[in-house]
Number of protein chains: 2
Amino acid sequence: MAVDTLETRELRYFVAVAEELHFGRAAERLGMAQPPLSRAIQQLERRLGVSLLERNRRGVSLTGAGEVLLHEGRAALDATAAAARRTRRAGGADSPAGSRGRLVLAVKAAGSHELLQKLLDAYAAEPDAAEIEVLPCGLCEQEGLLRDGRADVALMHTPFNSLAGFDSEELLTEGQVAILPTGHPLAARRTLSLSDVSDVPDLPLARWPRHGTYAPGPGPEIHDLAQLAQLVALGRTVAVFPDSARAWLWAEHTAVPLTDAPLVVTHIAWPPHSRSLALAGLIRTATQL
Amino acid sequence: MAVDTLETRELRYFVAVAEELHFGRAAERLGMAQPPLSRAIQQLERRLGVSLLERNRRGVSLTGAGEVLLHEGRAALDATAAAARRTRRAGGADSPAGSRGRLVLAVKAAGSHELLQKLLDAYAAEPDAAEIEVLPCGLCEQEGLLRDGRADVALMHTPFNSLAGFDSEELLTEGQVAILPTGHPLAARRTLSLSDVSDVPDLPLARWPRHGTYAPGPGPEIHDLAQLAQLVALGRTVAVFPDSARAWLWAEHTAVPLTDAPLVVTHIAWPPHSRSLALAGLIRTATQL
DNA sequence: CTCTGTCATACCCTGTGGGTATCACTGGGA
DNA sequence: TCCCAGTGATACCCACAGGGTATGACAGAG
């Protein structure tokens, strides 16, 4: 094998080991035996001329080079997976270059429903609109979906999502509201400030996972909006959301505008090297809404 | 092999064929015989369940899916090469995580010399500065160097470079000047407009390659600044450059400010997922200049 | 109607990626 | 103190995939 080329398989193996920090578990995750995995990693280190793992007593840790390869390798694996997914998607209707394809649009499960509706309606009215598949996702997953090709384009919300590494256009700016149980004393106020809702001992702010882990704090750990809505209705927590989230409010909830919360900007975002005509049309439609 | 995983080798093969549109030449470029290459591409098409190439009478052309895989595959190969290069670079001094490494900074060969000098001086004065390797490159290559890991960070100049897909910070905004042979009638003017220099039949604007090809036009095709300087001195062409390019003017050249040319903004740019401390320090230094 | 240029097929062989069995080492507990 | 559990490395073997050579099938140009 060429000495300066990294094979996808090697990256998969290394990332598994680097994430597990344990050859046995990594091998199991990869569906193979431990010895060939050890050998593959050794070969990789020899070929790169770099030591990636520190085999200590009782376990494994990453060297500096190992940390670099973990980050860069994940990015490379994402790009490779994206190539496969987008090619498959483009090939469904064995179509000539530049023809309409399908587009997968990732949206936060309950984010800016009206905007999404308007966008889909407007785009569908375009003369040669592609088919849009809407992929509802969790609270902060759009970046990953876009990176590994499960989605082609996404609606993102700063400052919750990061636009780093994507092209994007601004669509909508809005304030935030506190979602409170109807009947709570604060629900009667015309406006609130962030300190009002973050310092109430009997109403801790709910926490949701960022990159798979929960920030420390007193609030309940939630992972979908139904959970959150229920906890709010029960008077167990308070949540802060963009203005447009009022749309999914139930009868038991009250939304009170926050005066000092950061503005939420909805963007349409896509991988920077995209060249599809369908995508260009969707972006044009979105910016002209 | 897993049916949903694309190997680096397969991507290399496909990109070669897609670029050459000829199995024989592609095989030669890859240093292998033609039949195994044909077979590998067939296997790839079968595994993806998509036809990538149209084998016509007399040659090969890309299907829509093939075009997608060409773009996405190049990106994936770049990311993979970047992973290998950056890992090797990080591993040189078998260092613990987060330690100072070397950073490769890509700069246009003759772009903003003073800014670069100030940046290097200021950064070298930092308490734990990493070693900076300056990689001078051609007229528009920084994006590629950053993408495939030959560089870690670059000075880029909009609107000549595209910042798409990178994180960046603005450093400097400047106007543009026309570089003329001293003695040309236009060289005596205090200012010029773009139409002054672009419509002169005896002084066609020089053209340089963008993405490997030359735009059509009457001007001479050049590919480095020494060539350009010589042609200007000979009175054969005129060039338009950022203000700071005055620094490399020879005695035979005159710079005349342009009143209506787009402003050139120098940015420091880096791959969006970078996490190195050395890079963070360099960026901080640059923005505080 | 060849002849040339192209990609596909047939067939073989070697290198390597993977499996099983086992070793070497280290730390913890009785 | 000694043994054992748990870890990664080593030794050895095998199958097969990826690569080579020879050749076929086809289409256009002359």
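Order of the sequence lines sets the chain letters (A, B, ...), proteins ahead of strands, with each chain counted from 1.
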(message) Using the side-chain heavy atoms of R39(B), tell me which of these nucleotides is nearest: dC12(D), dG20(D), dC7(C).
(response) dG20(D)

(request) Consider the side chain of P35(B), meaning its heavy atoms from C-beta on, and name the nucleotide among dG8(D), dT20(C), dA10(C) that approaches it most closely. (result) dA10(C)

(message) Measure CG/L44(A) against P/dA9(D) and give the value in whole Å, please.
(response) 13 Å

(request) Report the C-alpha distance between L52(A) and V17(A) in whole Å, list the side-chain angles of each, state the deciding distance to 0.1 Å, and finish with yes or no for side chain to side chain contact (heavy atoms under 4.5 Å, CB included). (result) CA-CA 11 Å; L52(A) 300 169; V17(A) 174; over 6 Å; no

(request) Nearest whole angstrom, please: distance from the P of dG18(D) to the CZ of R46(B). (result) 11 Å

(message) Measure CG/L52(B) against P/dC7(C) and give the value in whole Å, please.
(response) 15 Å

(message) Just the rounded figure in Å: distance from P of dG19(D) to CZ of R12(B).
(response) 8 Å

(request) Nearest whole angstrom, please: distance from the P of dT10(D) to the CD of Q43(A). (result) 12 Å

(message) Between E45(B) and R55(B), does any side-chain N to carboxylate O distance fall below 4.0 Å?
(response) yes

(message) So if I take residues 16-24 of chain A and measure heavy-atom distances to DNA chain D, which residues fall below 4.0 Å?
(response) H22(A), F23(A), G24(A)

(message) Does L6(B) form a side chain to side chain contact (heavy atoms under 4.5 Å, CB included) with L44(B)? I'd like the steps, not just the answer.
(response) CA-CA 8 Å; L6(B) 237 42; L44(B) 177 62; 3.7 Å; yes

(request) Evaluate side chain to side chain contact (heavy atoms under 4.5 Å, CB included) for R12(B) paired with L77(B), printing each intermediate quantity in order. (result) CA-CA 7 Å; R12(B) 264 201 341 265; L77(B) 287 176; 4.1 Å; yes

(request) Considering just the side-chain nitrogens and oxygens of S38(A), establish if one lies under 4.0 Å of OP1 or OP2 belonging to dA9(D). (result) yes

(message) Can you measure E7(A) atom CD to dG18(C) atom P for me and round it to whole angstrom units?
(response) 11 Å

(request) Establish, with yes or no, whether the OP1 or OP2 oxygen of dT9(C) is under 4.0 angstrom from a side-chain nitrogen or oxygen of Q42(B). (result) yes

(message) Whole angstroms only, please: what is the CG-C1' distance between L37(B) and dA8(C)?
(response) 12 Å

(request) Grab the CD1-P distance between I41(B) and dG18(D) for me, whole Å please. (result) 13 Å

(message) Taking atom CD as the centre, does Q34(A) end up with more than 12 heavy-atom neighbours from other residues, nucleotides or ligands that are less than 6.0 angstrom away?
(response) yes

(message) With nearest nucleotide decided by heavy atoms, which residue, Q34(B) or Y13(A), maps closer to the 5′ end of DNA chain C?
(response) Q34(B)

(message) Assess the residue pair R85(A) and E72(B) against the criterion (side chain to side chain contact (heavy atoms under 4.5 Å, CB included)); give the C-alpha distance rounded to whole Å, side-chain angles, the decisive distance to 0.1 Å, and a yes or no.
(response) CA-CA 10 Å; R85(A) 290 207 177 90; E72(B) 300 274 336; over 6 Å; no

(message) Under 4.0 Å from OP1 or OP2 of dG18(D): is there any side-chain N or O of R9(B) that close?
(response) yes

(message) I'd like to know if R275(A) pairs up with E67(B) as an ion pair, taking the criterion as any Lys NZ or Arg NE/NH1/NH2 lying under 4.0 Å from an Asp or Glu carboxylate oxygen.
(response) no

